[in-house]
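Positions are given from 1 along the sequence.
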Amino acid sequence: MHITEIMQKRSPTFSFEFFPPKTPQAAETLYQTIRDLESYMPDFVSVTYGAGGSTRELTHDLVERIQHTTKLDPIPHLTCVCHNEEEIERVLLRYAKSVIGNILALGGDQPAGMAYDKSRDSFQHAIDLVKFVRRFNESGAHPDRRGFGIGVAGFPEGHPATPNRLVEMDHFKAKVDAGADYIVTQLFFDFRDFLDFRERCALASVHIPIIAGIMPITSIGGLKRMAELAGGARFPAKLLRALQSCQNDPEMVRRAGIQYALEQCHDLMANDVAGIHFYTLNRSDATRMIFDSLGIPRHRNLKASSV
């Protein structure tokens, strides 16, 4: 289903993110997670793409498996890193053949542990990828005359590569104007950062839906990894105080992290957020607890899937 239809059906939307498994054990964990979360009927699920395309085939396979064996609507990530136009076109043709309705066009992370020359990439920035997908849409190669719905990343705390916030918004608006249909934000923990980002988008005449990215903290180790991966995410004192007060009790840390994420969701919903996107880390417990606490109705009964 095209993202414009998804957003028109219901507001706010609720969605999950998965990453491709690298081992049989990880695959089993993921498929159990998908089974657990499918009954909640999220409006879509996204599937990540490894740095430098390191899990590209796993992403393609997982996206198509979700599309063909579940009732979930998958949105694959595409990144600029280590790609040329021919490769991206092949991926788009493959997804079009499987009637995938949407993609998320991202700059991507620099691959670790390998020599990498960014100047050799066909797409230097996410805006270049957005433009390419838009041209693909205009070619008529997708069975939907609108082509793919195109999503881009937003950064409520600011893009780590552009500390000048005025220049950052100029770049962001150009990326949106190149053909984006929706925005999914990087994770954040201070609700005021999201409201500020949304207001700055409005001031810049960026009026497409902004979906808020939420990642529940379930361990102190996860908190530290998150700080590394998110490029310096800000952790409010309220959150740190709640976690530090129970840091020697893993179960209480998990509960405190989930409660904080739940409060974030309540604040977002009270302020007419377009959607909430949960970074699940391929596990369902925290997301299911938040969903159940929010009282989000399951949309319809499902037959058992064959994931």
Side-chain angles (χ1 to χ4, degrees), residues 12-22 26 29-30 32-34 36-37 40 42 45-48 50-51 77 104 106 109 153-160 183-198 210-271 273 275-296:
T13 60
F14 295 95
S15 51
F16 309 135
E17 178 172 292
F18 304 126
F19 58 86
K22 295 182 179 180
T29 297
L30 173 59
Q32 183 58 54
T33 296
I34 292 174
D36 290 343
L37 293 178
Y40 286 86
V45 298
S46 71
V47 181
T48 68
H77 292 201
L104 193 58
L106 307 170
D109 299 321
F155 298 84
E157 297 178 345
H159 195 292
I183 299 160
V184 180
T185 77
Q186 174 65 279
L187 62 90
F188 61 91
F189 296 101
D190 191 326
F191 173 62
R192 293 169 298 182
D193 284 329
F194 177 82
L195 289 185
D196 179 74
F197 173 70
R198 189 170 67 176
I210 304 175
I211 298 170
I214 295 295
M215 183 182 285
I217 295 173
T218 57
S219 69
I220 296 298
L223 171 70
K224 294 177 179 178
R225 287 193 297 274
M226 204 176 299
E228 291 288 333
L229 294 173
R234 286 197 290 272
F235 299 99
K238 177 183 177 181
L239 171 60
L240 294 176
R241 187 181 304 112
L243 295 174
Q244 288 176 0
S245 67
C246 56
Q247 60 184 323
N248 295 320
D249 185 334
E251 176 58 24
M252 290 304 295
V253 167
R254 189 177 76 93
R255 292 185 182 183
I258 291 173
Q259 178 61 34
Y260 189 88
L262 176 61
E263 291 174 6
Q264 283 186 282
C265 292
H266 279 302
D267 286 339
L268 289 166
M269 293 171 69
N271 284 270
V273 69
I276 299 176
H277 188 61
F278 292 95
Y279 296 109
T280 69
L281 298 180
N282 284 13
R283 298 187 179 277
S284 65
D285 289 355
T287 304
R288 286 191 293 112
M289 289 181 67
I290 293 171
F291 255 59
D292 290 339
S293 297
L294 288 173
I296 300 169

Looking at [atom1] of [X] and [atom2] of [Y], how far apart are the two atoms once the value is rounded to the nearest 0.5 Å?
X: F189; Y: M215; atom1: CZ; atom2: CE; value: 7.0 Å
X: E157; Y: D196; atom1: CD; atom2: CG; value: 11.0 Å
X: R198; Y: T185; atom1: CZ; atom2: OG1; value: 11.5 Å
X: I258; Y: D285; atom1: CD1; atom2: CG; value: 7.5 Å
X: F235; Y: L240; atom1: CZ; atom2: CG; value: 7.5 Å
X: L268; Y: I210; atom1: CG; atom2: CD1; value: 11.5 Å

Locate the shortest heavy-atom distance separating [X] from [Y]; write the atom from each residue and the value.
X: P156; Y: F197; value: CA-CB, 3.7 Å
X: Y279; Y: Q186; value: OH-CA, 4.1 Å
X: L37; Y: P42; value: O-CD, 3.6 Å
X: V273; Y: P12; value: O-CB, 3.3 Å
X: A153; Y: I183; value: C-CG2, 4.3 Å
X: V253; Y: S219; value: CG1-CA, 3.8 Å

Do the non-hydrogen side-chain atoms of [X] and [Y] ever get within less than 4.5 Å of each other?
X: M269; Y: L294; result: yes
X: P236; Y: F191; result: no
X: I220; Y: Q244; result: no
X: I290; Y: P216; result: yes

Could you give me the CA-CA distance, side-chain angles and deciding distance for S15 and H277, then say whether side chain to side chain donor-acceptor pair (under 3.5 Å) is met?
-> CA-CA 5 Å; S15 51; H277 188 61; 2.6 Å; yes
From CA spacing to verdict: side-chain contact (heavy atoms from CB on, under 4.5 Å), F188, I214 | CA-CA 7 Å; F188 61 91; I214 295 295; 4.2 Å; yes
Look at the side chain of [X] and the backbone N and O of [Y], then say whether any donor-acceptor pair between them is shorter than 3.5 Å.
X: T33; Y: N282; answer: yes
X: T218; Y: R254; answer: no
X: T287; Y: S284; answer: no
X: Y260; Y: I217; answer: no

How are the rings of F291 and Y40 set to each other: parallel, tilted or perpendicular (split at 30° and 60°)?
->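 Geometry flag for Y40 against F291: perpendicular rings.
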Report the C-alpha distance between R255 and M289 in whole Å, list the side-chain angles of each, state the deciding distance to 0.1 Å, and finish with yes or no for side-chain contact (heavy atoms from CB on, under 4.5 Å).
-> CA-CA 10 Å; R255 292 185 182 183; M289 289 181 67; 5.6 Å; no
For R288, does the CZ atom have more than 12 heavy-atom neighbours from other residues, nucleotides or ligands under 6.0 Å away?
->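 More than 12 within 6.0 Å, yes.
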Using 4.0 Å as the upper bound for N to carboxylate O, is an ion pair formed by R192 and D190?
-> yes
